[in-house]
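Everything below concerns the one structure shown next.
For reference, positions follow the sequence shown, starting with 1.
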Amino acid sequence: MLGLTFLFIVIISFGGLGIYFVNRLSNDTGKILKDNQISVEYCGQMLKALDQIQQDPDQIAVFEKNLRLEENNITEPGEFQATAQVRALFELLKRDPAAFTQFGGMHKAIFKIDDVNEIAIIHKNAKAVATARQATAWLTIIFTVLSLAAFSFVINFPGIISRPVKELNAGILEIANKNYSARVHLKQQDEFGRLADTFNTMAGKLDEYEHSNLAEIKAEKGRIEAIINKMNDGIIGFNNRNEILFLNSAAEGLFGLKEKDITGKYAADIAIQNDLLRTVLQNESSKQLKIYLDNKESFFVQESISIQTDGITWGRVVILRNITPYKELDAAKTNFIATISHELKIPLFAITMSTQLLEDKRVGELNKDQAEILGTITKNTERLLKITGELLNLSQIETGQIQLKKEPVLPEILVIKAVQAVKQQAAQKNIVIQEAVAKNLPPVNLDDEKTVWVLINFLNNAIKFSSEGSTIIIKAVKEKDIVQFSVIDQGRGIEEQYVSRVFDKYFQVPGSNEKSGTGLGLSISKEFIEAQGGKIWVNSNFGEGSAFGFNILINT
Ligand code: ADP
């Protein structure tokens, strides 16, 4: 607006002044022509007519015409009197042309008119020249003033526009760099001023938003930190460069480290001085750790969780889960089971002895019904003995008290003993047990009682899960430096998804319709075999049968 107004003023001033002075000049020169030059012309015509008037009487009319015209163009002082004198003389001349010579003053009067007009021309010309000078002076002044104004405009105008644009640009850059407290200070009331106000409002809103968000995030972070810190499990976080990110209070206690001393440091550097951290870094997940804490043994399970967001791994968190309370409860349970099964064994033996006495005819004959009842008592007592035996074995395993009595035994002997123990049971189901022991097997160094126990367990299961009249094979073969024992049946087999779980404690294949067992036999067998350095295994096809076995090194 300012620039355009200025241009407008320049045009108006120059145009106005130009028109004004041109008008004045044209007036002045017009006046010279109209007022004086014509009069000079008339005078010339009159003088010419006057000179010829003697010879040519027509010249009187010419004189008359020019005099009238002159009379109508009296503009200068003294011109009127001179003209009036010419008129008076001319009237005389008209009446008596012969007395022409008497009118010598006529020339003088005409010259007077001519002089007056010529002087006026000189004056008016001088005035026109003065006007032209004035015009030049004024136009020069105006030109100078406006040129100066235009010059300062040229110098300042870009700044007037670019300064606020620069300030706004700087403000926008600050906002882009997340400095939401940046403001643009423009004191002007124009469009730039309003733009700056709008910008400041926007920056204010962003600032407010940022602060409210930040406060929320901080509160959320504080809450999460409080939860992590209050947890009983030790938690330690690493980024993907293996630098320590955080450590909760429980972990501080476990590692004997302070979070503020180690955050941001390389875990490997800290591990040089810290045994537990070294173990944790080397361990894979799900490892159990025994740590002395508060002067007592504590147990932890290590879990490592890789932290990913949008497919990018930014680090991992290691959790040391305190399982000491469960361990203590488990130990109490094992103790309880051990005590109970031990306590039950004595009365159960007493019952077995008594039933055997009753079966002995020397104490007295039993009738058929009594014999049947006694049979049931005997069967259930055997079951109870088996269960208490398994529980006792389990408690021994759990307390780490498996005592092995190793001695060299011939595999054949073990097979015979096992088959002997289940013979009666197999006969009840018309099941044939085939012994397939390779010839000349070397003696193996193992715990006779526990290994036979495992074989009996395999055979018992094979009988349980086979249909009447089927065949069970018990095998012992030598392969390189091991002897492999196996019990193969043609029973129901095990579904593929359960095969790997049969050695788990208390596991029974769902739907196997076998409620009499405890689900402990195979897990105890596994422990017994592994305690002797052997390896237990199973192959099973559902509907076709199973093969359970173990391999034992000959020279153990
Ligand atoms: P229990 O026989 O006392 O239930 P075990 O640990 O000896 O416990 O066996 C676990 C489970 O494995 C059994 O309940 C049964 O479901 C399955 N199993 C074991 N042996 C066989 C076998 N020979 N054929 C089919 N299933 C078997």
Side-chain angles (χ1 to χ4, degrees), residues 8-147:
F8 185 67
I9 289 171
V10 169
I11 291 167
I12 293 284
S13 332
F14 263 84
L17 266 177
I19 289 167
Y20 170 71
F21 282 112
V22 167
N23 250 345
R24 262 180 71 183
L25 278 172
S26 114
N27 264 355
D28 289 353
T29 48
K31 255 194 183 146
I32 293 171
L33 267 181
K34 189 172 155 265
D35 297 354
N36 308 106
Q37 193 61 46
I38 288 174
S39 293
V40 171
E41 201 85 357
Y42 297 152
C43 289
Q45 294 292 332
M46 280 193 283
L47 284 171
K48 213 171 138 195
L50 204 60
D51 287 347
Q52 295 166 7
I53 228 163
Q54 291 290 311
Q55 299 85 24
D56 183 6
D58 290 347
Q59 290 300 318
I60 292 176
V62 174
F63 192 96
E64 171 82 60
K65 184 186 154 210
N66 281 295
L67 180 59
R68 204 169 299 126
L69 285 168
E70 169 53 26
E71 279 168 344
N72 287 331
N73 192 33
I74 292 166
T75 51
E76 304 306 320
E79 197 179 359
F80 177 74
Q81 290 84 345
T83 312
Q85 200 181 352
V86 172
R87 168 59 68 189
L89 291 171
F90 181 63
E91 287 305 319
L92 290 173
L93 182 79
K94 268 202 302 191
R95 263 180 265 144
D96 184 10
F100 177 66
T101 44
Q102 291 169 25
F103 303 109
M106 185 85 114
H107 276 95
K108 234 171 133 189
I110 294 172
F111 281 137
K112 173 83 179 159
I113 297 170
D114 192 57
D115 283 354
V116 165
N117 276 295
E118 281 197 352
I119 289 166
I121 285 176
I122 290 165
H123 271 296
K124 283 184 182 167
N125 189 43
K127 210 176 148 202
V129 169
T131 307
R133 275 209 196 106
Q134 210 185 351
T136 313
W138 272 111
L139 285 173
T140 311
I141 291 167
I142 300 273
F143 173 74
T144 314
V145 169
L146 290 180
S147 296

* Taking all non-hydrogen atoms of both residues into account, name the closest pair between F63 and M106 and its distance. => CZ-CE, 4.0 Å
* To do: Identify the two heavy atoms, one from C43 and one from D114, that lie closest to each other, and give their separation to 0.1 Å.
  => SG-N, 3.6 Å
* From E64, E70, E71, residue fulfilling salt bridge (charged side-chain N to carboxylate O under 4.0 Å, His left out) relative to R68 -> E64
* side chain to side chain contact (heavy atoms under 4.5 Å, CB included) between F80 and T83, worked out -> CA-CA 5 Å; F80 177 74; T83 312; 5.7 Å; no
* **Side chain to side chain, K112 and Q85, heavy atoms closer than 4.5 Å** => no
* Below 4.5 Å, heavy atoms only, C-beta onward: do Q37 and T29 meet side chain to side chain? -> no
* Asked: Rounded to the nearest 0.5 Å, how far does CZ of R87 lie from CG of L93?
  -> 11.5 Å
* Working to the nearest 0.5 Å, report the span between CG of L17 and CD1 of I12. => 11.5 Å
* To do: Could you tell me which non-hydrogen atom of S13 sits nearest to which non-hydrogen atom of I142, and how far apart they are?
  => CB-CG2, 4.3 Å
* **Nearest atoms (heavy-atom pairs only) where P57 meets Q55** => CD-O, 3.6 Å
* Would R95 and E91 pass as an ion pair if we require N to O under 4.0 Å? -> no
* Asked: Counting distance only, does the side-chain N/O of N117 pair as donor-acceptor with the main-chain N or O of I113 below 3.5 Å?
  -> yes
* Structure fact -> So CG of L146 and CD1 of I11: to nearest 0.5 Å the spacing works out to 11.0 Å
* **Heavy atoms of other groups near F21 CZ, more than 12 under 6.0 Å** => yes
* Would you give the length of the straight line joining atom CG of L47 to atom OH of Y42, rounded to the nearest 0.5 angstrom? => 15.0 Å
* Is atom NZ of K65 surrounded by more than 12 heavy atoms (other residues, nucleotides or ligands) closer than 6.0 Å? -> no
* Structure fact -> Note: E79 and N73 closest approach over all heavy atoms is OE2-O, 3.5 Å
* **Trace of the side chain to side chain contact (heavy atoms under 4.5 Å, CB included) decision for K124 with D35** => CA-CA 10 Å; K124 283 184 182 167; D35 297 354; 2.9 Å; yes
* Step by step, would you call N27 with T131 a side chain to side chain contact (heavy atoms under 4.5 Å, CB included)? -> CA-CA 11 Å; N27 264 355; T131 307; over 6 Å; no
* Starting at CG of N23, measure out to OH of Y20 and round the result to the nearest 0.5 Å. => 9.5 Å
* Apply the side-chain contact (heavy atoms from CB on, under 4.5 Å) test between H123 and each candidate in N125, I121, I119; give the one that qualifies. => I119
* To do: Could you grab the distance from atom CD1 of I110 to atom CG of D115, nearest 0.5 Å is fine?
  => 12.0 Å
* Asked: Just wondering, are more than 12 heavy atoms of other shown residues or ligands nearer than 6.0 Å to CZ in F14?
  -> yes
